[in-house]
Structure formats: C-alpha cells, structure tokens
2 protein chains.
Amino acid sequence: MPSRRHVIADDLRHQITSGHFKAGERLPSEAQLATRYTVSTATLRSALALLQGEGLVEKIHGSGNFVRRPLRKITYTGGGGAQSTWTAFSTPLRMTARTTNIEAPSHLTALLNVPPRSPLTEVLFTSHEGKTPHSLAHIYVPHDLAPSTPPLGEQIAVNPADLRPPLSEVQERVSARLPTQEEATTLRISPSLAVLSVTRVSTDAAGRVVEAALLVLPGDRADALFTTRFVTDERSSKE
Amino acid sequence: MPSRRHVIADDLRHQITSGHFKAGERLPSEAQLATRYTVSTATLRSALALLQGEGLVEKIHGSGNFVRRPLRKITYTGGGGAQSTWTAFSTPLRMTARTTNIEAPSHLTALLNVPPRSPLTEVLFTSHEGKTPHSLAHIYVPHDLAPSTPPLGEQIAVNPADLRPPLSEVQERVSARLPTQEEATTLRISPSLAVLSVTRVSTDAAGRVVEAALLVLPGDRADALFTTRFVTDERSSKE
DNA sequence: GAGTGGTCTAGACCACGAG
DNA sequence: TCGTGGTCTAGACCACTCA
C-alpha cells in the first residue's frame, strides 16, 4: 500500500532525475510543495526525508531544499599499495590538511599500540570537489615517525608505502553507519545518509604501528575497492 | 540547543544500556511513553526513530517496540583466501541456502562478463543467530561451473579458493547505504540502519569470472576486514 | 523583517498482531 | 476484538539565512 509520502517522494525523485529540477537548484518551499500535493507540511517533509537519505536532496535550514549536485563517485583503493590513498581523478580534488601535535587519546592507544598520552601527530584531511566536501580523514602517526615537512595537497598525507621502512602489513576495517552530527556537518550530508568508515592500520616489519587512518566517506558518492591477486604457481600461497 | 526528542532518546538509550530495559524486552507503548515524557506521540516516535537508526530498538507493527538483542559482531574477512567466507564463531551460525537456476538478468551480465540470459546458478544465503537474521548473500555462478552437490550449511556455498582451478584475482567492492525495503524486512532491521554491501567477483587464471557474490551486512553488527601483507624482501613487490 | 526550514502539539483514522 | 504502531492533519511557535 503506497503511502502518500512515497508517492510524493517518487514524483519528486522523477522530476529530479529527469532534469525538471536541475542540479543545485532550489526546490519550491515546503509550504508550496505541501499545497501543491495537498498534504500537510509534516507529510511533505517526511517525503523529503526519504530523498535526503538517498542523497538526492540537501536541506539548508533557513534557505531551502536543494537538488544535490551529483558528484563524481570516488573509489578508495584498499591494500595500502596504491600510489596515493585516493585514486587519481580527471578533475583533481582539492585537499586541505591541518596538522596538530596531540597526546594519544584513549581510543587511539589500542589502535596504535602506544602508551596513553604518547605524542602523536594528527593530520586532518578534507577533500573537496568544487565547494562541496567530499571526504574526511584523520591520520595519526607517532610523533617521532612524522615527516618533518608536512605533506601537501597532492596526495593524502603520509603515504607509508613509498616513504617509509617497508611495511609488513596493512589492515583495513570497513564498516557502514550513519554519520555523527559533526561528520554530517563537515561533509554537508544528511544525518540519515550512510557513510563508509575505514580504519586503516599500517605496521612495519618490526611490528610497530606506523600509521592509523580513520576515513569517512559519504555512502552515495564513494566506495572502497580491494583487489587480491593470487600467485598462479602450483603453490597457491596465501596465508 | 537540545531538542526534546534528543533528550528523550538519550534517556531511553541510557535505560537500555544500563540494563533497566533488558534485551528482547518490550518497551512501554508509545502512548504510555509519550504521557510519561509529556510530549506528543509524534515527538516520542521521532525519539524512537533515532534509537532505531542506532540499532538499539526494533519496531514491530502491531505489537510494540523491543530492545534489540545485541548480537555478536561478525567480521567478513576479505581477500577471498579465508577458509570460509564467514569467519568461525564460538556460537555457530545457522545458515540456510536456496539454490535456483536462472538466466542472467541484465545487471549481472556485466559483473559476470557473460552474454545476456546465460544460465546461472543462484544461491541465496541467509545466516541466523538464534532466530535473528544476521546477514544476506546472493551468489551467482555460471551454470556449467556450479558444483553438482549443492553446498550445505557449514560454510558459505561456493568456496572458490579451495575447490576450484586456482583463482587469479578476487575483487571486492564495498559500499555503505540504507537497505532496500526487502533487505530491511529480511534482515529485520530498520530502514534507517545502514548496511554494508560487498560485491565480490572472483576470476580464474583464464580471466573467466567464476563467481559473483552480493553480500549485505547490517552495519551495526558486521564489518569487513582486509589484510594485506607485503613481501619483506628488498623487492617490495606490489603491483 | 520576510521567508525559509525545524520542532512540536493534540488530535484522527488506518493497518497489523495476538488472543 | 483490542491494543499496538503507522500515517496524516492543521495548525503553532522557534531558529536560521539573507537582503
């Protein structure tokens, strides 16, 4: 049984995908739409909430509902061996980085395998496409391993594969969840739009954790790709 | 500025995590809770919606709101080299499988690299812990490669690593999104609880796609783990 | 200040579940 | 049948944005 909000959401979705409402454009106000569909504002808002969860609409308090600009999909390449953590794009992403020295908070000591309040270098990365934020990364490196020259915008920070004593292992834990309020604000996404969260821990040959990275990617415009190749000898070496 | 629904959600969350409301228990009816907190039912429901998105509460139409039983977290191990797609658990998971022969629908031909309407064997897997569904998997295998003895409940179906001509590559694409209505129903999760979606494509040495698997895991009780080890010789061979 | 979305109310009626 | 959650209304008032 189709509820009104679904019917309205379907109609609006069609008008958006068919180009009747263009990318970046402001939709009519909720009051106008409610009148047009002869529903109450509450019902209309719940229809918009559906589209918001799909990443089609962005609500901006005080100014309106906007058709979300469909951004280039980004793919995070796992395995730690890529040239850069972010794959290359035809349109280069603009990156901003902020480096801080902190003392390891409790939730990081286990991850980095360091004593509490060890000195760390934290790098906060944000990638943008145009004006829209695209992804978020917190990277933590033990202070004595941090590069003296802070990395610039070309690639995402610490790139352990090339710069460092050889890594022995990169472990990436991927999960799906809703964004925290802070993440939703920074990424300018709906609190109801799922994000992909990647926790990457890189270990060197000595077993020391060289880097921990916490990445947050909006679910509608990013995914992660992991490729495993097998040795095609008779010894199918793995593990 | 804390809204009422957040205050209520915080309070209920605390009562759940502190054990005042126990796992599996039914909460007071929405009308009762609304009275207790002196808010309208709409406000109370929006508070419950927050908890639902966190996976703390399960709503069952017609019978009540229940504290969701915190299930064992499952970890999907990537890389295709694990003994079974699902790692072992102290409490074994119950698996149910349903095998069907179908003709490749359009959205699969590209994935499997086969002509339209090729014969495929589809295996639909559901894992359960107790009575609660835990994960969902659609596995597609070209019909002539399908094992004659349908796989049983111990491990997830087609396990290419051991049974088959050696694989050359396993590619896993991971994304985060909200569940479809069907997935939400099957997994008995809230439509607002993010799921982790894994598309795994296994290729053999001849470049033929041997298996495609579409996995859906509830975000609050599953994550995926990818481990990459590097050769610790002087030749840091990768790529 | 005018217009927008955000929160909330106090109801009504419908659909589902279990006894 | 009865109690539950699901949908919806027609407002009110508040908070934010922008000219």
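Just so you know, these numbers use all the heavy atoms, side chains as well, and skip hydrogens, waters and symmetry mates.
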Please report, rounded to the nearest Å, how far the [atom2] atom of [N] is from the [atom1] atom of [X].
X: A/Gln52; N: C/dG5; atom1: CD; atom2: C1'; answer: 11 Å
X: A/Ile60; N: D/dA15; atom1: CD1; atom2: C1'; answer: 15 Å
X: A/Leu50; N: D/dG6; atom1: CG; atom2: C1'; answer: 14 Å
X: B/His61; N: D/dG6; atom1: NE2; atom2: P; answer: 6 Å

Test applied, side chain to side chain contact (heavy atoms under 4.5 Å, CB included); reference residue, B/Arg68; option that passes from B/Ile189, B/Ile16, B/Val57:
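Option passing the side chain to side chain contact (heavy atoms under 4.5 Å, CB included) with B/Arg68: B/Ile189.
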Just by distance, do the side chain of B/Thr17 and the backbone of B/His14 share a donor-acceptor pair under 3.5 Å?
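Yes: the side chain of B/Thr17 pairs with the backbone of B/His14.
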Taking the side chain from B/Ser127 and the backbone from B/Ser135, do they hold a donor-acceptor pair closer than 3.5 Å?
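Yes; at least one donor-acceptor contact below 3.5 Å.
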Using a 4.0 Å cut-off on heavy atoms, which residues in residues 25-34 of chain B reach DNA chain D? List them by number, or say none.
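B/Arg26, B/Ser29, B/Glu30, in order of number.
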All N/O contacts under 3.5 Å from nucleotides 7-13 of chain C to the protein, with atom names and distances to one decimal?
{"unit_1": "C/dT7", "atom_1": "OP1", "unit_2": "B/Arg5", "atom_2": "NH2", "d": "3.1"}
{"unit_1": "C/dT7", "atom_1": "OP2", "unit_2": "B/Arg5", "atom_2": "NH2", "d": "3.2"}
{"unit_1": "C/dC8", "atom_1": "OP1", "unit_2": "B/Arg4", "atom_2": "N", "d": "2.5"}
{"unit_1": "C/dT9", "atom_1": "OP2", "unit_2": "B/Ser40", "atom_2": "N", "d": "2.7"}
{"unit_1": "C/dT9", "atom_1": "OP2", "unit_2": "B/Ser40", "atom_2": "OG", "d": "2.9"}
{"unit_1": "C/dT9", "atom_1": "OP2", "unit_2": "B/Thr43", "atom_2": "OG1", "d": "2.4"}

Tell me, with the steps shown, if A/Ile8 and A/Leu50 meet side-chain contact (heavy atoms from CB on, under 4.5 Å).
CA-CA 10 Å; A/Ile8 296 173; A/Leu50 296 175; over 6 Å; no
Does the pair A/Glu30/A/Lys59 count as a salt bridge with the N-to-O cut at 4.0 Å?
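Salt bridge flag = yes for A/Lys59 with A/Glu30.
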Below 4.0 angstrom, N of the basic side chain to O of the carboxylate: do B/Arg200 and B/Glu211 qualify?
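A salt bridge is present here (some side-chain N lies under 4.0 Å from a carboxylate O).
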How about CZ on B/Arg26, more than 12 heavy atoms from neighbouring residues, nucleotides or ligands closer than 6.0 Å, or not?
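Enclosed.
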For the residue pair A/Phe226 and A/Tyr76, categorise the inter-ring angle as parallel (less than 30°), tilted (30 to 60°) or perpendicular (more than 60°).
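Taking A/Tyr76 first and then A/Phe226, their aromatic rings stand perpendicular (interplane angle over 60°).
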If the cut-off is 4.0 Å, is A/Asn65 near the phosphate of C/dG5, judged by side-chain N/O to OP1 or OP2?
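True: A/Asn65 side-chain N/O within range (under 4.0 Å) of C/dG5 OP1/OP2.
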